[in-house]
2 protein chains.
Amino acid sequence: MSSNSTQNVLDKAQQKCVSTGAKLTSKRSRLLELLIDSDKPLSAYEVIDRYNQFSGQSMPPMSAYRILDFLISKQLVHKLSSENKYVACSHITCEHEHSVAQFLICRSCQKVKEIMIDAGIMQGLAHSVEEAGYQLQSSQLELDCLCQQCATH
Amino acid sequence: MSSNSTQNVLDKAQQKCVSTGAKLTSKRSRLLELLIDSDKPLSAYEVIDRYNQFSGQSMPPMSAYRILDFLISKQLVHKLSSENKYVACSHITCEHEHSVAQFLICRSCQKVKEIMIDAGIMQGLAHSVEEAGYQLQSSQLELDCLCQQCATH
DNA sequence: TTCCTCTTGATACACCGTATCATAAAGCAG
DNA sequence: CTGCTTTATGATACGGTGTATCAAGAGGAA
């Protein structure tokens, strides 16, 4: 039931895994597919529910968390730590290494858009952090927003 | 056992509450004091534990969450949503209205520094967000960092 | 006092995440 | 193929985070 483009993304994900000596097993692939096809971030338990519904099986939470961690380590999935939810990376099919993404989270409808913020701005941010005596470790930002639809009611 | 400066902050917090018609009750004040005196963010249950130890009473979770929500609504406390922890605001004694704060969270020792980021940078950030068709609702950033001590081992 | 509002208590529960031990499946040496 | 090792997954149980709901106390206003 996946769209052709979902299949393309999964194929590319498969390649990425193989190229690093990892295996995109059927369960891993299926969880990634669920996230790709979702129009909003899913909690771990929502992922489990959808998987169970699809497969008729019953995946234990531990397995789901392990698989999600795997997908994150391969940069196929991002965790939104402010929401405890997971989203498929929007750039799986990009050839070039992309820098860390930022997320715009609509506080009304929960939809999330993954964007790349201008490097100059991120540099300025890192500079502010350094002035305070800290070092920026990750530039993944989760920004509290309203999407266009929700903004106009 | 509070230092004089803690008392000053509590007095100022009291004033802020009264000026908006709210009451800083003894429990609210005590929870705020615990957070002020802590050198790192505390989870709700850590706050409860410390309160119980101090008072010999047993505060139910619901009460703690309500009190924390109250303190947040008065801008006396911030919630770090990426960590599910709470910190006292660093600017309670500031007279001027301060804009939203950003937090540098050391991934190694968990200490948190509250800073104000240059308005120009935040504007640039908001601009990037608008280009993506979203509106920035809050500029509270939680940045994954290393503090100076942890960076040098 | 009586009423109203705000604050706090108490119980129960739902959701998020992990520790631990066990099982299965896939590669690899001999 | 056999046996060994590594990796992936299952199963159970538990702890941490947060909320729904109903009840009780505390303080002020008429």
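What you see is a predicted model, and the numbers here were worked out from it, not measured in a lab.
What separates CD of B:Glu46 from P of D:dG16 is a distance of 10 Å, to the nearest Å. We find that CE of A:Met59 is positioned 11 Å from C1' of D:dA8, with the value rounded to whole Å. For the pair A:Asn84 CG and D:dT17 P, the computed distance is 11 Å after rounding to whole Å.
Residue-level contact check: B:Lys85 touches neither bases nor backbone, having no heavy atom under 4.0 Å from any strand.
Residue-environment remark: NZ (B:Lys12) exceeds the threshold of 12 foreign heavy atoms within 6.0 Å. Annotation for A:Gln148: atom CD does not count as buried by contact number, only 12 or fewer foreign heavy atoms lying within 6.0 Å. Around the CD atom of B:Gln110, the shell of radius 6.0 Å holds more than 12 heavy atoms that belong to other residues, nucleotides or ligands.
When DNA chain C is scanned 5' to 3' for any atom under 4.0 Å from a heavy atom of chain A, the first and last hits are C:dC16 to C:dT20.
A close approach under 4.0 Å does not occur between any side-chain nitrogen or oxygen of A:Ser63 and OP1 or OP2 of D:dA8.
Counting heavy atoms from C-beta outward, A:Lys111 and A:Cys147 have side chains that stay 4.5 Å or more apart.
B:His91 and B:Glu114 form a side-chain donor-acceptor contact under 3.5 Å, judged by distance and modelled atom types alone. B:Gln53 and B:Asp49 are not linked by any side-chain donor-acceptor pair at a separation below 3.5 angstrom, with hydrogens and angles left out of the test.
Pairing each heavy atom of B:Ile117 with each of B:Gln102, the nearest pair is N-OE1, 2.9 Å. In terms of heavy atoms, B:Cys150 sits closest to B:Leu146 at CB-CD2, 4.0 Å.
For the segment residues 47-56 of chain B, no residue has any heavy atom less than 4.0 angstrom from an atom of DNA chain C.
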For each nucleotide in nucleotides 19-30 of chain D, reading 5' to 3', give B when a protein heavy atom comes within less than 4.0 Å of its base, S when such contact involves only the sugar-phosphate, and - otherwise. BBB---------
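Here B:Lys40 pairs with nothing under the salt bridge (Lys or Arg N to Asp or Glu O under 4.0 Å) rule; sequence neighbours left out. By the side chain to side chain contact (heavy atoms under 4.5 Å, CB included) test, B:Glu83 pairs with B:Leu80, B:Lys85, B:Ile105, sequence neighbours left out. With sequence neighbours excluded, the residues forming a side chain to side chain contact (heavy atoms under 4.5 Å, CB included) with A:Lys74 are A:Cys17, A:Thr20, A:Ala22, A:Phe70, A:Leu76, listed by chain and number.
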